[in-house]
Structures are given as C-alpha cells and as structure tokens.
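Written below as structure tokens is the structure these notes are about.
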Amino acid sequence: IQIPRLSGGIISNLFWLTDEQMARLRPFFPKSHDKPRADDRRALSGIIFINRNGLRWCDAPKEYGPPKTLYDRWKRWSEMGVLQDFEGLAAEATDPTTIMIDATYLKAHRTASSLRGKKGGRGRLIGRTKGGMNTKLHNITDTNGRPIRLFISAGQTSDYTGAAALLATCRKPHGFWETAAVTPIGSPKPCKNGDQALHPGPDSAKEAIKYDKRHYKRRNRVEIMFGRLKDWRRVTTRYDRCPKVFLSAIALAATVMFWL
C-alpha cells in the first residue's frame, strides 16, 4: 500500500507495508541469531520502494534508514532465497483448475550484461537476441492469472525448454495446460501426456490443430500479469548481474502485487 505523507509541507509517496501484510510475511523471515537486526518493516518497505521505482541504492529515501543496511539485507536475503519463497503465500489461495504458461523478455541494462559469470556457475543467464541482451522469464499462473512458479533463463532459450522445466514442478490440474508450448506450433499431433493444445497454430499449418476456443480467449490473463510485473522498473530492466538477485526482484514484485 502506498501512503502519501507530509514531509516539510511536501507530499511524499513512500511505500510502507501494513501490519497485516507484515504478519503474513513474517513466518518466512530467517531468524536473527547474533544481534537484533534493523526493523524488518522499514527495511523491506525500502527494498520494495527501490525495486519498484528503479532507484540506485544510494538514492534510497532517508526514511528507510541507511542505504547500506537496505542493500546488505537485499543481497543476503536474495542469496538465501528468502524473497523468492512467495509460493508459501500462493499455496494459500491458488486456484489450479487451469494453469497458463508463457514467457517474456526482460531487457538487460549495460551494467548487468557482462556475459562472464563466476567460475563453475551457470553464468549471468543473459543471452543475445534480435532485441539485444535479454533475460527470459518463464512463468506459470493459476486460473485467475496470478503467478505460482517463476523461472529465468538466457534470452535465447526456447519457450519449450522453460515450459518443460516448469511443468516438472507442478501437479497436473483438473483442467487444461493453457499454453502454446504444450504442443509445438504447427504440429497437430497430441501431446505425450494427453494434454490438449490451446493454441490454433499458424495459418500455414498443413493440418488444423484442435484447440479449446473458450480457454484460448482467456489467454490474455497471463499477458496482463506480465504487464503488471513490468510496472516495476527493476523488473522490466535488469540491473543486477546475479541471477538470484534478479529473480528475487521478480518474486518480490509478484508477492506484493498478487499475494499480499
């Protein structure tokens, strides 16, 4: 929730998590073993504000505390996977009757587009495409168009590869897989697992593909979800070199907008 506040006679549109939202998030926070850490509400609200508005960490408003505290918390929790664990909240209200799978490109900024990763690692997960340097976001949404699984890969990775990785982590719903990637476009052959294609295929296909027209008309829900995620500037443009940190930014945006 965004609460306008008066600061020296000027309205300040700072973001503050409510008590109800903090109560839902607190079970996922790691325990503090050594000394009490900085106020969780202030730190997490500042992290959300930075990611949503695409600011540098040194430009964080003073109301959120020292910028170094915000960055250290963000980096540490991202590497621990704390901010990616929105699936616990999603499991409380997910409607998996029909799931939708899709992918989108996220532009990599110059500061993040170094292709050289750490030795022995998976690299930056940034690839060169016709549109430049990009990272691809693969996603599964529930019936209402809310994200329940996220996965990133290099920009040139096929949608089918991402769909296969996501499907391996999900239990098959009672309805259909609402995705163009279940059956390769232009192929009228049924899927190996018996799922029904929900994409009509290209006009040049030799044989017409049977698909569910009612479900196909609802494919815009996953596109609306992508559009809302890209309202966050640190999601639509990748500034972070580390893939874990960037995935945390996407998961944090999904949590705030769809599950709190």
Just wondering, do [Y] and [X] contact through their side chains at under 4.5 Å, heavy atoms?
X    : Y    : value
Q156 : R128 : no
L260 : L17  : yes
T111 : D240 : no
F258 : N144 : no
L137 : F226 : yes
Y64  : L14  : yes
N51  : V235 : no
I250 : I152 : yes

According to a hydrophobic-cluster definition based on side-chain heavy atoms being under 4.5 Å apart (Ile, Leu, Val, Met, Phe, Trp, Tyr only), do [X] and [Y] belong together?
X    : Y    : answer
Y105 : L247 : no
F29  : L70  : yes
M80  : L83  : yes

For the [atom1] atom of [X] and the [atom2] atom of [Y], what is their distance to the nearest 0.5 Å?
X    : Y    : atom1 : atom2 : result
L106 : L229 : CG    : CG    : 8.5 Å
K107 : H109 : NZ    : NE2   : 10.5 Å
R24  : D19  : CZ    : CG    : 14.5 Å
L166 : D102 : CG    : CG    : 11.0 Å

Passes side chain to side chain contact (heavy atoms under 4.5 Å, CB included), R241 versus F246? Steps please.
CA-CA 8 Å; R241 288 188 176 185; F246 183 54; over 6 Å; no
Go through the steps for R238 and T135 under the test side-chain hydrogen bond (donor to acceptor under 3.5 Å, both in side chains), then give the verdict.
CA-CA 8 Å; R238 176 176 175 178; T135 293; 2.8 Å; yes
Does R110 make a cation-pi contact with Y239, if we ask for NZ or CZ under 6.0 Å from the ring centre and within 45° of the axis?
no
Please confirm whether R234 makes a cation-pi placement over W232, using NZ or CZ under 6.0 Å from the six-membered ring centre and within 45° of the ring normal.
no
Give a yes or no on whether the backbone of [Y] and the side-chain of [X] come within a donor-acceptor separation of less than 3.5 Å.
X    : Y    : value
R41  : W16  : no
N220 : E223 : no
W259 : P147 : yes
E79  : R76  : no
D59  : L55  : no

Would D72 and K75 pass as an ion pair if we require N to O under 4.0 Å?
no
Pair D40 + R73: basic N to acidic O under 4.0 Å:
yes
Could you tell me which non-hydrogen atom of [X] sits nearest to which non-hydrogen atom of [Y], and how far apart they are?
X    : Y    : result
R221 : T143 : NH1-O, 2.7 Å
R149 : N139 : O-OD1, 3.0 Å
T157 : K136 : O-NZ, 2.7 Å
C58  : P67  : CA-CB, 4.1 Å
S153 : H138 : OG-NE2, 2.7 Å
F15  : S45  : O-CB, 3.3 Å

For [X] and [Y], does a side-chain donor sit closer than 3.5 Å to a side-chain acceptor?
X    : Y    : value
T104 : K230 : yes
R37  : S32  : no
Q84  : S248 : yes

List the steps, then state whether salt bridge (charged side-chain N to carboxylate O under 4.0 Å, His left out) holds for D231 with R228.
CA-CA 5 Å; D231 286 340; R228 292 187 63 188; 5.8 Å; no
Heavy-atom count around R233 CZ within 6.0 Å, excluding the residue itself: above 12?
no
Please evaluate residues L25 and L44 with respect to the criterion side chain to side chain contact (heavy atoms under 4.5 Å, CB included), reporting the C-alpha separation (whole Å), side-chain torsions for both, the decisive distance (0.1 Å), and the verdict.
CA-CA 10 Å; L25 290 171; L44 192 54; 3.8 Å; yes
